[in-house]
Amino acid sequence: MKEKYVFSEIEPKWQQAWAGQNLYKVYDNVEKPKYYCLEMFPYPSGNLHMGHVRNYSIGDVVARFKTMQGYNVLHPMGWDSFGLPAENAAIKHGVPPEKWTWENIDNMRAQLKQLGISYDWDREVASCHPDYYRWTQWLFLRFYKQGLAYKKRAAVNWCPSCVTVLANEQVIDGACERCDTAVVKKDLEQWFLSITKYAQHLLDNIKKLDGWPDKVKIMQENWIGRSEGVEIDFGLKGFEEKLTVYTTRPDTIFGVSYMVLAPEHPLVLKLVEGTEYEAAAKDFIKKMLHLNEIARTSTETEKEGLFIGAYAINPVNGTEVPILIANYVLMEYGTGAVMGVPAHDQRDFEFAKKYNLPIKVVIQPEGQALDAETMTGAYEDEGNLVNSGQFDGLNNEEAIRKIGDYMEANNIGLKRVNFRLRDWLISRQRYWGAPIPIVYCDKCGEVAVPDEQLPVILPSNVEFKPFGQSPLAECPEFVNTTCPACGGPARRETDTMDTFICSSWYYIRFTSPQETTGPWSKASADYWMAVDQYIGGVEHAILHLLYSRFFTKVLYDLGLVSVDEPFTNLLTQGMVLKDGSKMSKSKGNVVSPEEIVAKYGADTARLFILFAAPPERDLEWSDQGVEGAYRFLNRVWRLVGHYADKVAGVQPYNGSVELGAAEKEVRRLTHYAIKKVSDDVATRFNFNTAISTIMELVNGLYAYKDKVDPAEQNLAVVKESLEYLMVLLAPFAPHMAEELWEATGHQGSIHLQKWPVHDPAAVIQDEVEIVVQLNGKVREKLVIAANMEPKAMEEFALGQEKVRALLEGKSVVKVISVPKKLVNIVVK
RNA sequence: GCCGAAGUGGCGGAAUUGGCAGACGCACCAGACUCAAAAUCUGGCGUGGUAGCCCCACGUGCCGGUUCGAGUCCGGCCUUCGGCACCA
C-alpha cells in the first residue's frame, strides 16, 4: 500500500471500477425490502454548486448505509431540464436551448460522477427529452379528461421581465421568484390545474406526514389557508341583484355599517352606470388596476376607498348601508366583497375612521363596556352579543353557529369553507417547456391530442425572443395541424407547461425510466413508491412539494399509483453560506466544488460538508475546516498503512481471550462507534456527530499505537477495530474506504459489506467516573464499579475523607444517588 | 402584525430521557522531530481570582419560576433568520 494518500489516483480508479461492475445498478427485487432514497433533481445550470454537493452527499450516505443494511436501494438521478435559463442563454449567446441544456447536463453529470455518488445511472431521466415529456403531456391529458385541467380568462400574474405568466406560488412579495421583477396583473386566458378541488384532501393528509419537518407542514397548512364562514346575500337598493359577501364572523352581522367591493367586482360598473359617481369610480378602478400587487395589497399601504352612491340592505334587519370600493378587498378571495364591521375588525375600524363611517358595537366583552365613540381599535375577541335582536346575550362563538344556521334556514346565507389556495396556473408563454397537447378546431373547438399522437414535439427551428406570446405561435409548422376529431385544419395550443409539472412526477418515472407503454410500469411503481427518504432544500416547501402531493393524489384517484402521498420522510437541508451569506456571484463568495475536488478530492469535500453542521442547519463554509477533513483522512490512511502488513495474516479478535485495559478501551471505542454511527445515521441524520465519533475511534487507535509497546500490542484487537473503522467510513468517504479495503487484502467491494452490529458487552464499562455534588455543585470525582447500587454509591461517597471534611458542621438533609452518574448531597 | 426556528468558548458545533457544559474539528500557544521550514506527533486552550499541576467564584441571549439538580421544563421579554402578510 502506498505511503501517501493520493486521492487523484484513487478516486477515478474506483469510479471506473464501480461503473464497470455496475455496482449501483438496481432491479425490482421483491425478495428484499426496498428503500427509495431520492434527492431533488437539479436544474442543469451547467455547474454543480456547494448546495448540490451537500444535498447529494447527504443522500449518498443514506443510500449507502441502507444498502449495507441489506435494503434494495433505489438511488437515481436526473435533470429538471426545461425552463427559462436555457432560453435566456439562447437569446444571449445564440445557442439553441436544447444544445445548451444537453451540454450542461453532460458537464454536470461528469461533476456528479467525480463526487462518487452511488447513482444507478441507467435510470437517468431528463424532463426535456421527448421520451419524458411525452408522458408529461399524457398525464396532462388525464387531468384534462377528469376536468382537472381547464382554460379560463382571469387576472393573472405577469412577469414583464420573463415575459410570461406565473403561478401564485411563484410570486414572492409581489415579485417574480426568479428575477425579482415586480409582477403585474393581466387579464388573460390561461390553463389551470384544479388544485383547489384537492385543497381539503391536501390539508387533511398533512397529519399523516409524520416523517416531515413540522416547519414544512405548517407552511403548507398556511398556504392552503382553510377558513370556515358564511356567504351572505345582501339586497341592493333599487336593483334586483343580490350582493354576496363572505365572512368568518356572521356573529357580527348586526354591526355592519357599510359594504366594500373589490374595484374589479363585476357589480361595480352596473351600480354606478349613469350616476354622478360613474366617472370617479372608473378613475378609481383604473388607478387600482395600474398598481402592482405589492403597492396594492401590502399591509403598509394606506386603505383607500370610494363611495359609489349605492346601498346594500342587511338581510337580518333591513338596514341600508353605503357601498364603497376599496384597494384592500381582493377579487380573488371569497366573493370579492366584504361587509364592514368596524367595531370588531381592525381593518374595517381603520377604514371607518378614515371615511367617517358609523361604528356599531354588537359584541361586549365580559365585565367591560365598549363605546363606539371612545374605541381606539376594533374589539376582535370573545364576548356576548348586544344590539343583535333575537341573538342578544349569546356568546359570540355560539352565535357564529346559530346565526349561520338561521341564515341557511331563511335562505339568506350558506355556510362555506374557503381556501386561500388558488388553482395552479400552468401555461407559460415561453418556448423551452413541454407543449400543452391541445388543438383548436373551428368546427370542434378545443380538442385533446390523442395519446397515440404524443409527444407533441417541440420544434427546434424557432426564434426564441419572447414577445408576450409563446415563440411557438410564430412557428407555422408547429401551429398548423389537423383536427384529431374531424381532420379539418386546426391550430395547436402554443403555450408550454410550467416546469413544476415536469418535476411533479419524475420520482415515479425513476421506478421504470425506460417504460414505453406508459409513464411508468405499474408493478415497478407499486414496488418502489413511496419515496422513503426525500432530501432537498426548504425553498421547495410549498411549490414543488405541494404540487407533487397534488399530483400523487390525482394519480392515486385514477388508479395509476397505489400511494396517495409521494414522500414518506422529508429532510430539508440548510443552505451553504460563506462569510455569513448565501454564496452568489454578485457577492463574490462562491467556492466552486470543482476546485475543492481538484485540490482535496471528493472524499474530503463530502466529509467536510457532512461534518461542519447537522443537515437541516445552514452551513458556514470554511477553507480551514476542509483542511481539517483532509488531515483526518490522511490520518486514517497512515494508521491503516502502519498496521496493514502487521495484521495481514491475523484473525480479528473473536472474544476468546481476556483482554487488558488498553485493549478493552480500543474495543469499547470501536463498538461504541458502531453503535453511535448506526444511530446517528439511521434515526437522526446527524452525520456531524457520526463523523466525530469515528474521529474519536481513530484518536483512540493512535493512542494505542503510540503508547503501548509494539511488542505488547494485540493485533487481533487492532485488526477487528480497523476493519470496522473502514466499514463505518465507507458511506462518508467511499473511495478511500474502498481503496483501504482492497489494500488490506479484502475481496469484493466494501460497499457491499454488511453494516456491523455492535457488541454490547464491549461497550459496557467496568468502571465509571461519578461526581459527588454538594447542593448541586461538583465537589469531588470518584471512580466506582459501574454496577454499584445507589445505596452503596451514597455510602461510598459519604465515606470519602474529602467529602467528610466538606460536611463538617453541616447536616445532611437528603442524598440523591443516580447510578453511573452522581451522588448529590443536600445539606443545610 | 401573525406563524415557525434558532441564540452555547476566538470560530463551526456537541451534550438524544433534567444529572460533570463545551465532545469532535478549526484557530491559537507551547514542546518534540528538523540545520531550518513544511508535514507529523505530544500537551495546553470558557472567563475572572488565586496560583507550582491545588482551590474558589462566575458562565449556555435577558428577567423570573419549578427542581436536590436546568443549555434542556414553565412564564415573560430581547435579538437574528425563515415563511405568510389587508384572505374578510
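Reminder, nothing fancy here: chain letters follow the sequence lines and each chain counts from 1.
For the C1' atoms, the distance linking G25(B) with U17(B) amounts to 27 Å, nearest Å. Nucleotides G19(B) and U34(B) place their P atoms 49 Å apart, quoted to the nearest Å. C63(B) and C11(B) have their C1' atoms separated by 29 Å, with the value rounded to a whole Å. Using atom P as the reference point in both U60(B) and G65(B), the two lie 15 Å apart (nearest Å). Spacing between C29(B) and A51(B) at atom P, rounded to whole Å, works out to 27 Å. Nucleotides A14(B) and U50(B) are separated by 36 Å at their P atoms, to the nearest Å. Using P as the reference atom, G9(B) and C62(B) are 10 Å apart when rounded to the nearest Å. Distance noted for atom C1' between A32(B) and A37(B): 15 Å (whole Å).
Geometrically, Lys303(A) engages Tyr328(A) in a cation-pi contact, judged by NZ or CZ lying under 6.0 Å from the ring centre and within 45° of the ring axis. Because its NZ or CZ atom is not both nearer than 6.0 Å to the ring centre of Tyr5(A) and within 45° of the ring axis, Arg638(A) does not count as a cation-pi partner of that residue.
When both distances must be under 3.5 Å, the Watson-Crick or G-U wobble mate of C55(B) is G49(B). Pair assignment for G7(B): C78(B), on the basis of Watson-Crick or G-U wobble contacts that are both within less than 3.5 Å. If you check C73(B) for Watson-Crick or wobble pairing at under 3.5 angstrom, you find it paired to G65(B). For C20(B), there is no paired nucleotide, since no Watson-Crick or G-U wobble pair has both relevant distances below 3.5 Å. The nucleotide U40(B) finds its pairing partner in A32(B), both defining distances of the Watson-Crick or G-U wobble pair being shorter than 3.5 Å. Using the Watson-Crick or G-U wobble rule with both distances under 3.5 Å, A14(B) pairs with nothing in any strand shown. Base-pair partner of G1(B): C84(B) (Watson-Crick or G-U wobble, both distances under 3.5 Å).
For A88(B), one of the phosphate oxygens OP1 or OP2 lies less than 4.0 angstrom from a side-chain nitrogen or oxygen of Ser227(A). Distances shorter than 4.0 Å separate none of the side-chain N or O atoms of Lys303(A) from OP1 or OP2 on C86(B). One finds a side-chain N or O of Arg638(A) lying less than 4.0 angstrom from the OP1 or OP2 phosphate oxygen of C41(B). For G4(B), neither phosphate oxygen OP1 nor OP2 lies less than 4.0 angstrom from any side-chain nitrogen or oxygen of Asn222(A). Residue Arg347(A) places no side-chain N or O under 4.0 Å from the OP1 or OP2 atom of G1(B). Note on Arg226(A): every side-chain N or O is 4.0 Å or more away from OP1 and OP2 of C87(B). The phosphate of U67(B) (OP1 or OP2) has no side-chain N or O of Asn824(A) nearer than 4.0 angstrom. Taking side-chain N and O atoms only, Arg420(A) has no distance below 4.0 Å to OP1 or OP2 of C3(B). Distances shorter than 4.0 Å separate some side-chain N or O of Lys707(A) from OP1 or OP2 on G43(B). Contact annotation: Lys777(A) reaches the phosphate of C58(B) (side-chain N/O to OP1 or OP2, under 4.0 Å).
The listed nucleotides are A57(B), C87(B), C84(B); the one nearest the side chain of Leu330(A) is C87(B). When each of G19(B), A14(B), C24(B) is scored by its nearest atom to the side-chain atoms of Gln773(A), the top-ranked nucleotide is G19(B). Out of G4(B), G19(B), U40(B), the shortest distance to the side chain of Arg631(A) is found at U40(B). Side-chain proximity of Trp223(A) to the nucleotides C84(B), A23(B), A14(B) is greatest for C84(B). In the set C24(B), C87(B), C86(B), the nucleotide with an atom closest to the side chain of Tyr333(A) is C87(B). Candidate nucleotides A14(B), C3(B), A88(B) were compared by shortest atom distance to the side chain of Val338(A), and A88(B) ranks first. Out of C24(B), G13(B), A88(B), the shortest distance to the side chain of Val329(A) is found at A88(B). Among the nucleotides C68(B), A88(B), C87(B), the one closest to any side-chain atom of Tyr246(A) is A88(B). Considering only side-chain atoms of Ala612(A), the nucleotide from G12(B), C41(B), C26(B) that sits closest is G12(B). For Tyr702(A), the side-chain atoms get nearest to C41(B) when compared with the rest of G19(B), C20(B), C41(B).
Here G9(B) is in the syn range [glycosidic angle within 90° of 0].
Among all heavy-atom pairs drawn from Ala199(A) and Leu421(A), the shortest one is CB-CD2, 4.0 Å. Scanning all heavy atoms of the two residues, the minimum distance from Ile363(A) to Asp381(A) falls at CG2-O, 4.3 Å.
Backbone-only engagement by Lys802(A) is indicated by non-hydrogen atom pairs under 4.0 Å involving sugar-phosphate atoms exclusively. When heavy atoms are screened at a 4.0 angstrom cut-off, Glu769(A) is found touching base atoms of the nucleic acid. If you check every strand for non-hydrogen atoms under 4.0 Å, Gly334(A) touches nothing. Nucleic acid contact for Asn634(A): none, since no nucleic acid atom lies under 4.0 Å from a heavy atom of the residue. Note on Ile816(A): a base of the nucleic acid sits closer than 4.0 angstrom, heavy atoms only. Within the 4.0 angstrom heavy-atom criterion, only backbone atoms of the sugar-phosphate kind lie near Thr248(A); the bases stay farther away.
At whole-Å resolution of the value, CG in Leu782(A) and C1' in C20(B) are 12 Å apart. C11(B) atom P lies 18 Å from atom NZ of Lys578(A), rounded to whole Å. Atom C1' of nucleotide A14(B) and atom CD of Glu616(A) are separated by 14 Å, given to the nearest angstrom. If you measure from atom CG of Leu607(A) to atom P of C24(B), you get 16 Å, rounded to the nearest angstrom.
Exactly one residue among Asn686(A), Asp679(A), Asp680(A) makes a side-chain hydrogen bond (donor to acceptor under 3.5 Å, both in side chains) with Thr683(A). That residue is Asp679(A). Of the candidates Phe687(A), Phe732(A), Trp621(A), Tyr600(A), Phe608(A) forms a ring-ring contact (aromatic ring centres under 6.0 Å, His included) with just one, namely Trp621(A).
Below the 3.5 angstrom threshold, one finds no donor paired with an acceptor across the side chain of Arg779(A) and the base of C56(B). A donor N or O paired with an acceptor N or O is found under 3.5 Å between the base of C20(B) and the side-chain atoms of Lys781(A).
Residues Tyr724(A) and His671(A) place their aromatic rings such that the two centres sit under 6.0 Å apart.
Contact check for Glu304(A) versus Lys354(A): side-chain heavy atoms found under the 4.5 Å cut-off.
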Kindly indicate, with the supporting measurements, whether the criterion salt bridge (Lys or Arg N to Asp or Glu O under 4.0 Å) is fulfilled by Glu228(A) and Arg226(A). CA-CA 7 Å; Glu228(A) 283 180 21; Arg226(A) 184 183 197 274; 2.7 Å; yes
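Taking a 6.0 Å sphere around CD of Glu789(A), one finds it holds 12 or fewer heavy atoms contributed by other residues, nucleotides or ligands.
Along RNA chain B, the nucleotide closest to Asp618(A) and the one closest to Val826(A) are compared, and the more 5′ of them pairs with Asp618(A). Annotation: of the two residues near RNA chain B, Ile770(A) and Pro614(A), the 5′-most nearest-nucleotide partner is Pro614(A).
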